[in-house]
Amino acid sequence: MQHKFLFINSLLPAIGLTFVSAMDKKVRVRFAPSPTGGLHLGGVRTVLYNYLFARANGGDFVLRIEDTDQNRFVAGAEDYIMNCLEWCGLVPDESPAKGGPYAPYRQSERKHLYYNYAQKLVDAGHAYYAFDTTEDLERMRKDLKKDEHSVPQYDHTTRMLMRNSLSLSNEEVMKLLEQSTPYVIRIKMPNHETITLTDMIRGEISFDSSLVDDKVLLKADGMPTYHLAVVVDDYLMKITHAFRGEEWLPSAPVHVLLWQYLGWKEHMPLWAHLPLILKPDGNGKLSKRDGDRLGFPVFAMNWTDPRTNETTKGFREMGFLPQAFVNMLAMLGWNSGSEQEIFSLDELVSRFSIDRVHKGGAKFDFEKAKWFNHQYIQRTDNATLTGLVMPYIDEQQGPGKVTPELLEQVIGLVKDRCTLLPDFWAQGHFFFATPETIDIAAIKEKWNAPKQDFFTEWKNVLENLPEWNHDAIEASCNEYVGKHGLKKGDVMLPLRIMLVGGKYGPGVYAIAEVIGKNETIKRIGSVLKTLGA
RNA sequence: GGCGUGUUGGUCAAUCGGUUAAGACGCCUCCCUUUCACGGAGGAAUGACGGGUUCGAUUCCCGUACAUGCUACCA
């Protein structure tokens, strides 16, 4: 066992080794979302970093569902999260669905575990019962408010003014308990202690304990809050490295104290607080609303809120390749130090190092995200793309109308101008059906008798063309253009408009070849009729 | 307000005290292409501010400013 980890450590970059070799334990990381809605791209990035770290260190990646808030529970959110991870290719080793040696992985199913630990803290004098009602708390916050901007905390300055096992006599507390008065258990934050923790990304961070409030550990309904649950479960599940968003930093001292008070300090995971992903304009955390407002997805996949039936677009449905999505997220807050930007998941596993993760938040840039996808489309072979694009074609044409053979051929012709999967329809629809709109205006002004004559005659020539392919069509065109006193340039655009409907698409002769003789002649004739009228 | 964290071009970012301060996205120009792209060649654009430390600071330290996160019986 010992040898195994020495071996693994020797493969690690210098700084990673520091973080891992300190312990002879197997690396275990976890992603712990609460099932309250769509999976935010920041969440996916946290998953990614967890996953990469676990893989690189031969560790386990655990998915734990933090569903301790009954009020915020949303049906379907957990399955949705699992599906997102699957789509991204970041599948956990242990999860509620898959199970594992530390099951259950849903905190609601672990409810019974937490009370004893909370009680242990009370017995040791590190926590206490608090009987305050919501109204009591509101009154305290209102009455004790000193100035406009500050909100009084439930802390060492106020706790003796409240109804709890610290301020009340033993008899009173016993009586309240006997009467089944609802209570919570709060941590008793010590006075003027400096709490220091080492963050893998930020280094040493310290807090003054007296500035942190007495956080609720166990709620009145018997459920733990995040603060208790994260510590108990990370301990029980033998988590060695904990990655979470920067927004958790202010409550980190509570967690550190809990590890200490519970007597597990030497088992505390190494923390890494990841930088935030910011909105592109202005500042602040990127939210679902920013996506709606600016027209890009924020969630990994489409999310439909079961209560409002409102659907929020996801990267997947917008036509992103999961590999591109993941690659893009990897680069948002981390870089290899080289000029390389395109990395496969395997490459990321071997190159990723936590010490190269940025401290500062990064603004999300949808244009760059699209660039990644474009890169991946170009690097994906046509046969694979055919399978990915077909659903979008079927959606437009009806299932089965376009054969995979045709699609694959078209993909080869148009892929370099496609950024998102739906672009294949926009860039190639004229291969599958006669264009519905023709940009007549683009050619009408310069239309004249010679052109009319050329196309009228050439159409008939095409009819009898012995071979139907790019070169034959081009040769024929060149031959007849001269006969009408025209130049190639005079007819190229009109021909394109006739076949495509607009000023875009691959080479016209290639288009003619693929759509076939009959369709080519038909489209020329149809536009000719319009122009002649 | 308090506490925490952060700050290199418009955006992502390299630099681990000494560089003409990389590269990418986006933008602009040109070339290629008788379309649109792709591709190629160029271009504009950066160390928040003020003090130190140092022979020398983008880099280390301290202030200030600004930004952001937290300040719930939410995570």
Side-chain angles (χ1 to χ4, degrees), chain A residues 32-36 66-69 71-72 130 132-134 137 141 145-155 182-186 199 201-202 205-208 210-213 215-227 229-230 244-253 273 275-276 278 280-285 328 331-342 355-356 358-372 374-375 378 414-419 423 427 439 442 487-493 495-497 500 502-508:
Chain A
S34 61
T36 51
E66 307 238 348
D67 55 350
T68 54
D69 188 350
N71 302 319
R72 294 217 307 163
D132 316 277
T133 62
T134 313
L137 293 170
R141 291 189 185 114
K145 197 172 177 124
K146 292 193 195 80
D147 56 87
E148 279 302 303
H149 304 286
S150 71
V151 179
Q153 297 194 124
Y154 203 120
D155 59 15
Y183 66 89
V184 302
I185 293 179
R186 285 179 182 271
D199 184 279
I201 297 171
R202 296 152 204 281
I205 303 163
S206 29
F207 303 84
D208 179 351
S210 40
L211 266 11
V212 182
D213 63 337
K215 291 255 184 293
V216 171
L217 264 21
L218 201 77
K219 301 187 253 190
D221 64 2
M223 278 286 194
T225 59
Y226 171 83
H227 307 293
V230 73
R244 70 205 327 189
E246 188 187 336
E247 68 268 29
W248 287 107
L249 219 34
S251 54
H273 290 89
L276 266 12
L278 279 12
D281 60 335
N283 290 298
K285 259 202 297 191
M328 177 273 291
M331 303 307 290
L332 211 54
W334 173 85
N335 82 81
S336 69
S338 73
E339 287 186 11
Q340 186 178 347
E341 290 191 279
I342 304 295
D355 57 298
R356 291 200 66 90
H358 266 244
K359 295 182 177 77
K363 288 186 184 176
F364 177 66
D365 181 358
F366 190 52
E367 291 306 316
K368 187 75 185 241
K370 286 195 293 192
W371 175 81
F372 274 102
H374 183 259
Q375 291 296 315
Q378 305 322 309
V414 303
K415 75 189 290 188
D416 62 3
R417 60 205 76 203
C418 292
T419 296
D423 293 346
Q427 292 295 331
D439 185 6
K487 282 175 294 185
K488 250 168 70 176
D490 296 323
V491 300
M492 294 297 282
L493 184 64
L495 180 56
R496 170 173 299 282
I497 298 292
V500 173
K503 290 193 272 191
Y504 60 94
V508 263

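Just the heavy atoms: all of them, side chains too, but no hydrogens, waters or symmetry mates, feed the values below. Here is the naming used below: chain letters follow the sequence lines, and residue numbers restart at 1 for every chain.
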| message | Assuming nearest nucleotide by heavy-atom distance, tell me which of A:Gly361 and A:Pro224 is located more 5' along RNA chain B. | response | A:Gly361

| note | Comparing A:Ser206 with A:Lys487, nearest RNA chain B nucleotide closer to 5' gives the residue A:Ser206

| note | Testing B:G2, B:C74, B:G4 for proximity to the side chain of A:Arg72, the answer is B:C74

| remark: Among the nucleotides B:G4, B:A75, B:A37, whichever has the atom closest to the side chain of A:Arg417 is B:A37

| Contacts of A:Lys368 that satisfy salt bridge (Lys or Arg N to Asp or Glu O under 4.0 Å) - sequence neighbours left out | A:Glu341

| remark: By salt bridge (Lys or Arg N to Asp or Glu O under 4.0 Å), A:Lys415 pairs with (sequence neighbours left out) none

Touch check for [X], heavy atoms < 4.0 angstrom, all strands: base, sugar-phosphate only, or nothing?
X        : value
A:Gly333 : sugar-phosphate
A:Lys363 : sugar-phosphate
A:Phe364 : nothing
A:Thr68  : sugar-phosphate
A:Pro506 : base

Return the value, rounded to whole Å, for the distance between atom [atom1] of [X] and atom [atom2] of [N].
X        : N     : atom1 : atom2 : value
A:Lys415 : B:C38 : NZ    : P     : 15 Å
A:Lys359 : B:U59 : NZ    : P     : 14 Å
A:Trp334 : B:A14 : CH2   : P     : 11 Å
A:Leu217 : B:A75 : CG    : P     : 12 Å
A:Tyr504 : B:A37 : OH    : P     : 13 Å
A:Arg244 : B:U5  : CZ    : P     : 15 Å
A:Tyr226 : B:C70 : OH    : C1'   : 13 Å
A:Leu249 : B:G4  : CG    : P     : 10 Å

With sequence neighbours excluded, what pairs up with [X] under the side chain to side chain contact (heavy atoms under 4.5 Å, CB included) test?
X        : answer
A:Asp67  : A:Pro35, A:Ile65, A:Arg106, A:Gln107, A:Ser108
A:Val212 : A:Met189, A:Pro253, A:Val254
A:Asp281 : A:Lys279, A:Arg293, A:Leu294

Exercise: identify the closest heavy-atom pair between [X] and [Y]:
X        : Y        : value
A:Pro275 : A:Gly360 : CB-O, 3.2 Å
A:Gly361 : A:Leu278 : C-CD2, 3.7 Å
A:Pro506 : A:Arg496 : O-NH2, 2.9 Å
A:Ile201 : A:His358 : CG2-O, 3.8 Å

Between [M] and [N], how far apart are the [atom1] atoms? Round to whole Å, please.
N     : M     : atom1 : result
B:A14 : B:A37 : P     : 32 Å
B:C60 : B:U15 : P     : 12 Å
B:G52 : B:A57 : P     : 11 Å
B:U11 : B:A44 : C1'   : 16 Å
B:A45 : B:G23 : P     : 15 Å
B:C3  : B:G63 : P     : 13 Å
B:G6  : B:A48 : P     : 15 Å
B:U71 : B:A13 : C1'   : 33 Å

Taking the side chain as everything from C-beta on, heavy atoms only, tell me whether [X] gets closer than 4.5 Å to [Y].
X        : Y        : value
A:Met331 : A:Phe372 : yes
A:Leu218 : A:Met223 : no
A:Tyr154 : A:Leu137 : yes
A:Met328 : A:Phe364 : yes
A:Arg356 : A:Ser336 : no
A:Leu276 : A:Glu247 : yes

| message | Please give the stem ranges for RNA chain B, sorted by first residue number, where a stem is three or more consecutive Watson-Crick or G-U pairs and both donor-acceptor distances are under 3.5 Å. | response | B:1-7 with B:65-71, B:10-12 with B:23-25, B:27-31 with B:39-43, B:48-52 with B:60-64

Strictly under 3.5 Å: I want the nitrogen or oxygen pairs between protein and nucleotides 65-69 of chain B, one per line.
from	atom 1	to	atom 2	distance (Å)
B:A67	O3'	A:Asn283	ND2	3.4
B:G69	OP1	A:Lys285	N	3.4

| query | Is any side-chain N or O of A:His358 closer than 4.0 Å to OP1 or OP2 of B:A14? | reply | yes

| Does a side-chain N or O from A:Asn335 land closer than 4.0 Å to OP1 or OP2 of B:A14, or not? | yes

| Relative to A:Tyr504, does A:Arg417 satisfy both conditions: NZ or CZ under 6.0 angstrom from the six-membered ring centre, and within 45 degrees of the ring's axis? | no

| note | Residues at least two apart in sequence or cross-chain that pass side-chain hydrogen bond (donor to acceptor under 3.5 Å, both in side chains) with A:Thr134, listed by chain then number, are none

| Does A:His374 have any side-chain hydrogen bond (donor to acceptor under 3.5 Å, both in side chains) partners at least two apart in sequence or in another chain, and if so, which? | A:Gln378

Kindly give the atom pairs (protein nitrogen or oxygen, nucleotide nitrogen or oxygen) under 3.5 Å for nucleotides 71-73 of chain B.
from	atom 1	to	atom 2	distance (Å)
B:U71	O2'	A:Gln153	OE1	2.8
B:C73	OP2	A:Arg141	NH2	3.4
B:C73	OP2	A:Arg186	NH2	3.1
B:C73	O2	A:Ala220	N	2.8
B:C73	N4	A:Asp132	O	3.0

| query | Out of curiosity, A:Asp199 CG to A:Glu246 CD, how far, rounded to the nearest 0.5 Å? | reply | 9.5 Å

| Contact pattern, 5' to 3', of nucleotides 20-33 of chain B - B, S or - by protein heavy atom under 4.0 Å | --SSBB--------

With 3.5 Å as the limit, what N/O pairs link the protein to nucleotides 42-50 of chain B?
none

